[in-house]
Structure formats: C-alpha cells, structure tokens
Amino acid sequence: MVHYQRYHPLKKGGVDVFAEGDEESQSIVGLIWGNTDSFGHGDESLIADLDVNKPLCSSISNGTICCDRSSIRSDICIMKGDVRTHSLSSSVFLYSSTHPNDLIDYAPVVAEDDKEEELQHEKVRPYTRKWEAGTMATIDELNLISKREKPRGLNTRAMSDMTSPRSSSPLGGIPYGDVLSRLSDYPPIDFSNDNRTHCFPEAIVGMRIHDELTVDPSLMEGGKTIRDFRTLLDRAYWPRISSLIEDEKREKTQLNSQENPSSQPSSQTSEEVREQHWELKKPKLTILSRNGSRAITNEDFLVQMAEKIGFEVEVLRPSKTSELAQIYRSLNSSDVMVGVHGAAMTHFLFLRPGSVFIQVVPLGTEWAAETYYGDPAKKLGLKYISYKILPRESSLYDEYDKSDPVLTDPRSVSDKGWEFTKKIYLDRQNVRLNLARFRKRLVRAYDHSLAKKNQHNHLMSQ
C-alpha cells in the first residue's frame, strides 16, 4: 500500500521485541489496527512518528528514495519528488528531470531506443511480520524505482490517464473502505485494481507498528490512545449501521401497514438506537463461534447455560463474506464476548470500553493469548477474563498419553519451534468446556454487566 500523507518530523524508532504468532488468516481489523500508524479524520489526521534524534530517512531531499530496514518488524521507504504509481508492474516510480527548466514529460511509455536511466531500485513487502518468511511470502512485493527521465514531447493522451491525489478513485466495494477512508484526508486508492497513474509529491511505502493491537501514546501527536482508534471505528461503521437500521425499519413498517393500515411509522436517531442497549433488562453475551480447529464442541450447552444465568445470547459465526459493519453492530451492542484464542479475537476492538472479554485459552497458546489479545484488551478498557483450559478439556487428551509433554508441559513443546505449536496446538485442538468450571466466569461477567447497566440507567434517570 502506498500512503500519501502530510509529512511530519519523525520521532521515535520501532520496537524490536517480537515473537512468532498465530499464522492463520487475520481479520481485517487486526491488519488495519496492528499495522497502521496513522488515524484521524480531516484535520485530526495523525502519523505515528520516529525519534527526535533524526534516524535514517527522517529527512530526505527531492529526487531521493530512502529505506529504513533497521527494524526486525518491517521496512519503511520514503520517496520524495515526482512520484508516480504503475500498478500493472507493482511499481512506484520516482522521476528526476534532465530538462534545463526541470520540466518533466509525463508520458509513462518509453520507446526501446530511448530508455530512461535507472538510478535506484528498492523492493519492499509492506507488512509488519518481517521475521516470518512464510507470512511475508504471501505479501505482494512492490518495486520502488528512481529514474532520470530524458526530455521528450508532451504526451497529452498519457496525461489524460493520470490523476492527482484529490481525484483518486474510492475503494468502492472493498470490505475495509469504511475504515481506510478515515485514515487520510484523501480517498483511498485500490492499488491492485486501479490501473491509472497516480502522481504524488511524496510517498511512504510500508507499515509501522507500535505493538500488538495497541497504540503507544508517546509516539502519537496529542497522546492519542487505543480508545481514540476505537472512536474512529465507531465513526467509520455507524453510517452503514444506521442505513441497515433504516432498511429494517422500512421492512417492519411495510409489514405493519399490511397488517394494520392505520399504524404510523416511527422515527429513531442513531443516539436513540445506542441507548436501546442500556434499556435491555438482560445483559447480552456474544459467542464468537469457530469452525474447524479450536472449536467449542459443547457450544450448544454453553448457550443454554448462559441463558439460564440470565444472558441474552447471540452466536456469531464470522466468515470471509461477513460484512464488518454487521459484526461491529453485534459486538458493539454486547456486554460480554466469549471466544477461543485465534485471529478472530481481534474483534474485541468492537466491544465498548467497560465490556467483558472472556478468552478461552487452549493448551500451548497461553503466551500468545495474553500477549496478542489479553494485554491489548485491558489497554482498551475491557474487563478481561482468561479461561485457561485443563488437559481434560482439550481434544488432545484423547490422542496422547496422559504423561505426554503435549499435555503436561506445553511450553517444552512450543520451545521446539513455531511449526510444532501450529501443527499440534493450533491446527489439531478443539475444546470441550468444563461447564461447571466455566460457569464461574460467566457469573462474574453477568454480575459486572448487570451492575454497569443498572448504574447507567440510574444516572440517566436523574
């Protein structure tokens, strides 16, 4: 992805602490949040910057490509001058003129006998897991090429295929367009599918990361935090959610008018819709259901138990085609989210601060569960409850001898390498909850949610 942003002095270097994590496909929320260093809207647009000591690439001159490859997590390249995109070759070009008046011909096609001189060629895979060769192999590589352009006649036909940042095309049906559109003053460009040449005075190619699913306020202008990103998500998804609510109201009105022609349609604002959550007598619990590995095999009994405790229960089964606004709507209206450790836990970002997040932690995943989701959830302001399963609650209990290290000492197995962790604990393990044991966590979550709901309603009634 090529980011066109206002350039700020760079402040503080990336974090070099890292560990191998869950390689399963991440949800877009994880990708956007974990790997993007700017957020805001309009004049609130921000950039997480590097150190006041002016590290590599903190200040570059026109006609220059500078790449900082010092971080273990990712590479960042900055291009400054006459920058042009060429998606068909997965390239971003930086042109220097040989014309005496520094005027550059914007013709993208050059005859074989009039080739431009290539000054520098860098390659970047824009992702923040540089140490994971398998993951990085799935990321498209971008060519960053600096050229000295020879003077030629003006090609008006070629110029008609070029755009400035302000006339770039929106992402349209791209699933993440709602959020991406909030990260810049300009509309996003779908680099792979937009074959036009886009021109920029500067480009930052690559991604920075503060830590797993979090924001370091010391690196942000104005001390912005993870809660500010949560506010950005709210702004991004509520227009679509409001549209869905209006569609549902129209359908309901049509049905009512057929049954009772004298009934009048009701109008409801977004704020009134938000308040409905607090008016519900029962706290809402959403279970993020998994198919395949790390599924809760007695999920139906879990639902029944939660309902007996007093919850309104929704079982959410996200798929690759699920609309993120719909998922956000479900979790934003939830008091409690329950799910087994995995990439889908990134959706805790959709919970309101103060809600409860219960993460079921299978054998061999304790460190990753706490590092990638537990600790970040606390920073968001969630009440985080970890449920570490016992060997008897794992499907591996029926596959291995009861004294096997896979059951008795998962850490020793994980120490053998990532491939062992993935093969044994991530890809082949399901969970059968000890419902009597898990019930204690649900009761704690219920009491917390009910008290919070009653407190809110009491304040609203004053």
Side-chain angles (χ1 to χ4, degrees), residues 27 29 237 241 244-245 248 252 273-319 321-362 369 373-374 377 380-389 393 430-457:
S27 72
V29 180
Y237 287 125
I241 293 172
L244 292 171
I245 292 171
E248 292 169 1
K252 186 176 181 180
V273 172
R274 296 172 195 250
E275 278 301 312
Q276 282 184 341
H277 162 78
W278 298 106
E279 295 170 3
L280 294 173
K281 293 182 179 179
K282 293 183 177 181
K284 179 184 174 183
L285 179 146
T286 297
I287 300 172
L288 277 183
S289 183
R290 292 181 62 97
N291 293 320
S293 66
R294 283 166 284 153
I296 299 176
T297 58
N298 55 345
E299 186 177 276
D300 290 344
F301 292 103
L302 171 62
V303 171
Q304 294 173 22
M305 182 177 71
E307 289 175 339
K308 288 181 181 178
I309 290 173
F311 283 108
E312 172 195 339
V313 180
E314 177 182 359
V315 179
L316 195 59
R317 297 182 173 87
S319 68
T321 59
S322 298
E323 185 178 0
L324 282 173
Q326 289 277 28
I327 299 174
Y328 185 88
R329 181 184 181 186
S330 293
L331 291 175
N332 186 65
S333 64
S334 298
D335 299 284
V336 182
M337 183 182 91
V338 173
V340 181
H341 168 69
M345 292 302 94
T346 306
H347 289 100
F348 77 74
L349 289 165
F350 288 1
L351 293 170
R352 289 167 290 102
S355 302
V356 181
F357 170 31
I358 303 177
Q359 182 176 204
V360 177
V361 182
Y373 306 112
L380 181 60
L382 302 181
K383 180 176 177 59
Y384 173 67
I385 300 176
S386 173
Y387 181 80
K388 301 169 187 175
I389 72 168
E393 295 175 271
N430 286 325
V431 174
R432 184 173 181 82
L433 292 173
N434 180 331
L435 294 179
R437 181 170 175 256
F438 192 74
R439 187 180 188 278
K440 298 175 183 178
R441 274 71 172 182
L442 285 187
V443 170
R444 284 168 53 194
Y446 178 84
D447 291 342
H448 172 86
S449 301
L450 193 61
K452 194 167 182 294
K453 190 180 291 287
N454 290 336
Q455 181 184 31
H456 175 85
N457 291 337

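- Scanning all heavy atoms of the two residues, the minimum distance from Val336 to Ala445 falls at CG2-CB, 3.9 Å.
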Step-by-step side chain to side chain contact (heavy atoms under 4.5 Å, CB included) determination, Lys452 to Asp335: CA-CA 9 Å; Lys452 194 167 182 294; Asp335 299 284; over 6 Å; no

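- Between Tyr387 and the options Arg441, His341, Lys440, Arg437, a side chain to side chain donor-acceptor pair (under 3.5 Å) holds for only Arg437.
- Taking the side chain as every heavy atom from C-beta outward, Ile358 and Leu285 never approach each other to under 4.5 Å.
- Between the side chain of Lys284 and the main chain of Ser330, a donor-acceptor pair closer than 3.5 Å is present.
- A heavy-atom distance below 4.5 Å is found between the side chains of Pro362 and Val340.
- Using a 4.0 Å cut-off between charged nitrogen and carboxylate oxygen, Glu248 and Arg329 count as a salt-bridge pair.
- The shortest side-chain heavy-atom distance between Leu433 and Glu393 falls under the 4.5 Å cut-off.
- Atom CG of Leu288 sits about 11.0 Å away from atom CZ of Arg317, to the nearest 0.5 Å.
- When the salt bridge (Lys or Arg N to Asp or Glu O under 4.0 Å) test is applied to Lys388, the partners found at least two apart in sequence or on another chain are Glu366.
- For the pair Asn332 and Ile241, the minimum side-chain heavy-atom distance is 4.5 Å or more.
- Residues meeting the salt bridge (Lys or Arg N to Asp or Glu O under 4.0 Å) test with Arg444, sequence neighbours left out: none.
- Between Leu380 and Leu351, the closest side-chain pair of non-hydrogen atoms is not below 4.5 Å.
- One N or O on the side chain of His448 and one on the backbone of Gly354 form a donor-acceptor pair closer than 3.5 Å.
- Between the side chain of Tyr373 and the backbone N or O of Gly342, at least one donor-acceptor pair lies under 3.5 Å.
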Stepwise side chain to side chain contact (heavy atoms under 4.5 Å, CB included) test for Phe301 and Ile296: CA-CA 10 Å; Phe301 292 103; Ile296 299 176; over 6 Å; no

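- No side-chain heavy atom of Ile389 sits less than 4.5 Å from a side-chain heavy atom of Phe438.
- To the nearest 0.5 Å, the span separating CG on Leu316 from OG on Ser334 amounts to 8.0 Å.
- Of the possible polar contacts, none joining the Arg294 side chain to the Val361 backbone as a donor-acceptor pair under 3.5 Å is found.
- Within the model, atoms CG of Leu442 and CD1 of Ile309 stand 4.5 Å from one another, a figure rounded to the nearest 0.5 Å.
- Not a single side chain to side chain donor-acceptor pair (under 3.5 Å) links Ser355 to another residue, sequence neighbours left out.
- Taking CE of Met305 as the reference point, atom CG of Asp300 lies at 12.5 Å (rounded to 0.5 Å).
- Checked by atom type and distance alone, the side chain of Glu299 never pairs as donor or acceptor with a backbone atom of Ser289 at under 3.5 Å.
- With a 4.5 Å cut-off on side-chain heavy atoms, Met345 and Val360 do not count as touching.
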Leu302 vs Val313, side chain to side chain contact (heavy atoms under 4.5 Å, CB included): CA-CA, chis, key distance, verdict: CA-CA 10 Å; Leu302 171 62; Val313 180; over 6 Å; no

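- Taking every heavy atom of both residues into account, Ser322 and Ser319 meet most closely at OG-N, 2.7 Å.
- Note that CD of Glu314 is 4.5 Å distant from OG1 of Thr286, once rounded to the nearest 0.5 Å.
- Ring-centre distance between Phe350 and Tyr237: below the 6.0 Å cut-off.
- Not counting sequence neighbours, Arg439 has no partner by the salt bridge (Lys or Arg N to Asp or Glu O under 4.0 Å) test.
- The residue from His347, Gln326, Arg352 that alone fulfils the side-chain contact (heavy atoms from CB on, under 4.5 Å) condition with Leu331 is His347.
- With sequence neighbours excluded, the residues satisfying salt bridge (Lys or Arg N to Asp or Glu O under 4.0 Å) with Glu323 are Arg240.
- Taking the side chain to side chain donor-acceptor pair (under 3.5 Å) definition, one finds that Tyr446 meets it with nothing, sequence neighbours left out.
- Taking CD of Glu307 as the reference point, atom NZ of Lys282 lies at 7.5 Å (rounded to 0.5 Å).
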